[in-house]
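Chain letters run A, B, ... following the sequence lines, proteins first and then strands; every chain starts at 1.
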2 protein chains.
Amino acid sequence: MKTIGKLAKELNINVETVRFYERKGLIVQPLKPDSGYRMYDNTYANQLKFILKAKALGFTLDEVASLMSMSGNCADVESMGLQKLMLIREKIADLQRLEQVIQDMTNSCKANQDPNSCPIINSLS
Amino acid sequence: MKTIGKLAKELNINVETVRFYERKGLIVQPLKPDSGYRMYDNTYANQLKFILKAKALGFTLDEVASLMSMSGNCADVESMGLQKLMLIREKIADLQRLEQVIQDMTNSCKANQDPNSCPIINSLS
DNA sequence: TTAAACTCCGTATATAGGTACGGAGTCAAT
DNA sequence: ATTGACTCCGTACCTATATACGGAGTTTAA
């Protein structure tokens with residue numbers, strides 16, 4: 001059993017973040033003995049690690065809450081994963097289009113002879 | 001010369017957005033005759049189109065302000081474009097790694113026989 | 001035993017890029 | 001002349017994800 005400070009330090013996150021996740025309903029408020037201090041056991045650490053990993057995969061906190069409430073129903077979880085996958089692929093495609101446009105622009109800058117007329121500015125104007 | 005409402009409609013943006021860009025310093029407040037109404041000429045429409053195009057390319061409003069203040073100095077503009085290009089490429093690489101991870105996860109869901117144990121949840125736990 | 005460190009709670013602040021509101025004044029069409 | 005649409009301004013609100021603050025109570029270590 002550890003206080004919120006120890007827990008946060010162990011997970012390398014902020015104390016306020018733990019309380020924030022509690023307010024968001026991602027974790028439940030743990031028992032608070034006489035002192036009024038929250039006391040956490042390892043199941044809390046594991047839940048928080050789950051949250052952090054899912055977040056790192058690009059799931060929003062609301063989505064993390066959903067994942068946690070699915071209690072392992074594989075079809076539901078897979079469906080959410082596939083949905084996220086589609087979004088990721090769309091984002092990649094968008095960024096690749098953007099990459100092409102900006103690369104073309106900067107290339108025409110390189111080819112440009114007149115330093116006071118910029119092809120990028122011109123193509124935006 | 002048109003009022004803010006006509007201008008906004010022409011550009012398919014919100015009146016409040018025009019005022020917001022003014023507050024941000026992206027455009028200057030135009031002359032206001034007796035009525036107190038802002039009156040815009042075409043140079044404003046062109047400036048706003050510039051802003052909208054640059055925004056669509058992923059430049060932040062602060063960056064757009066910089067671009068506009070460079071007054072066509074091509075080297076500076078090119079440098080900002082290259083910087084943006086690097087960021088875009090990093091984002092693409094990040095997303096592609098993510099894509100791989102989530103795809104592997106959902107694939108192992110498909111291969112999973114037990115509907116009450118989910119490989120995704122397990123790998124997050 | 002006392003001082004430092006920690007925790008409590010509610011609320012405010014931050015980012016980016018807007019959107020919404022409300023009361024008062026103005027313009028345009030009938 | 002009136003009514004509806006438009007504009008003014010300042011300010012509050014929105015999303016998402018936290019972080020910061022302040023005053024009061026608690027624990028811990030020297």
Side-chain angles (χ1 to χ4, degrees), chain A residues 1-41 44 47-68 84 87-88 91 94 98, chain B residues 1-41 44-45 47-68 84 87-88 91 94:
Chain A
M1 301 292 264
K2 45 208 145 189
T3 61
I4 196 169
K6 305 272 187 194
L7 178 73
K9 189 163 191 185
E10 178 184 321
L11 297 171
N12 215 16
I13 59 178
N14 201 304
V15 166
E16 315 290 338
T17 304
V18 178
R19 297 208 315 121
F20 174 68
Y21 287 170
E22 183 184 303
R23 282 204 297 282
K24 291 282 283 182
L26 287 167
I27 53 177
V28 296
Q29 192 177 70
L31 290 177
K32 294 193 292 183
D34 301 352
S35 67
Y37 284 11
R38 293 167 176 79
M39 296 305 292
Y40 297 91
D41 61 20
Y44 280 94
Q47 278 176 35
L48 282 165
K49 282 180 196 161
F50 181 101
I51 293 167
L52 297 175
K53 284 187 205 166
K55 226 167 56 72
L57 287 182
F59 290 96
T60 67
L61 294 185
D62 283 350
E63 288 167 340
V64 175
S66 291
L67 283 175
M68 294 177 85
K84 194 48 82 174
L87 275 181
I88 290 171
K91 270 193 205 166
D94 282 352
L98 219 57
Chain B
M1 301 291 266
K2 43 208 144 188
T3 61
I4 195 169
K6 305 273 186 194
L7 179 72
K9 188 161 190 186
E10 177 184 319
L11 296 171
N12 216 16
I13 60 179
N14 202 307
V15 165
E16 315 290 339
T17 303
V18 178
R19 295 208 318 122
F20 175 69
Y21 288 168
E22 183 183 301
R23 283 204 297 281
K24 292 282 282 183
L26 288 168
I27 52 176
V28 296
Q29 192 178 71
L31 290 178
K32 295 193 292 183
D34 301 352
S35 67
Y37 284 13
R38 292 168 178 78
M39 295 306 291
Y40 297 91
D41 60 21
Y44 279 95
Q47 278 176 35
L48 282 165
K49 282 181 196 163
F50 180 100
I51 294 167
L52 297 175
K53 284 187 204 167
K55 226 166 56 72
L57 287 181
F59 290 96
T60 66
L61 294 186
D62 283 351
E63 288 167 340
V64 176
S66 292
L67 283 176
M68 294 177 85
K84 195 46 85 175
L87 275 182
I88 289 171
K91 269 194 206 166
D94 283 352

Atom-pair distance (CG on L52(B); P on dG17(C)), nearest Å: 13 Å
Quick check: closest heavy atoms across E10(B) and A45(B), and the distance to 0.1 Å? OE2-CB, 3.8 Å
Would you give a per-nucleotide map of nucleotides 2-9 of chain C, 5' to 3', where B means the base has a protein non-hydrogen atom under 4.0 Å away, S means only the sugar-phosphate does, and - means neither? ----BSSB
Phosphate OP1/OP2 of dA18(D) contacted by Y21(A) side-chain N/O (<4.0 Å): yes
Contacts of type salt bridge (Lys or Arg N to Asp or Glu O under 4.0 Å), residue E16(B), not counting sequence neighbours: none
When the distance from CE of M1(A) to P of dT27(D) is rounded to whole Å, what number comes out? 14 Å
Please identify each residue that fulfils salt bridge (Lys or Arg N to Asp or Glu O under 4.0 Å) with K91(A), with sequence neighbours left out. none
Between I27(A) (CD1) and dA18(D) (P), how many Å, whole number? 12 Å
Whole Å only: how far is the CG atom of N12(B) from the P atom of dT19(C)? 11 Å
Which part of the nucleic acid, if any, lies within contact of K55(A), taking any heavy atom under 4.0 Å across all strands shown: a base, the sugar-phosphate backbone alone, or nothing? sugar-phosphate
Separation of atom NZ in K24(A) from atom P in dT19(D), rounded to whole Å: 14 Å
Which residues share a salt bridge (Lys or Arg N to Asp or Glu O under 4.0 Å) with K9(A), sequence neighbours left out: none
What distance separates L48(B) CG from L11(B) CG, expressed to the nearest 0.5 Å? 5.5 Å
dT17(D) P sits how many Å from F59(A) CZ, rounded? 13 Å
Toward the 5' end of DNA chain C, by each residue's nearest nucleotide, D34(B) or T60(B): T60(B)
Y40(A) meets the ring-ring contact (aromatic ring centres under 6.0 Å, His included) criterion, sequence neighbours left out, with Y44(A)
Just the rounded figure in Å: distance from C1' of dA20(C) to CD1 of I13(B). 17 Å
How would you list all residue pairs meeting side-chain hydrogen bond (donor to acceptor under 3.5 Å, both in side chains) that involve residues 18-28 of chain B, not counting sequence neighbours? E22(B)-Q29(B), E22(B)-R38(B)
D62(A) has an atom CG; how far is it from atom C1' of dT15(D), in whole Å? 10 Å
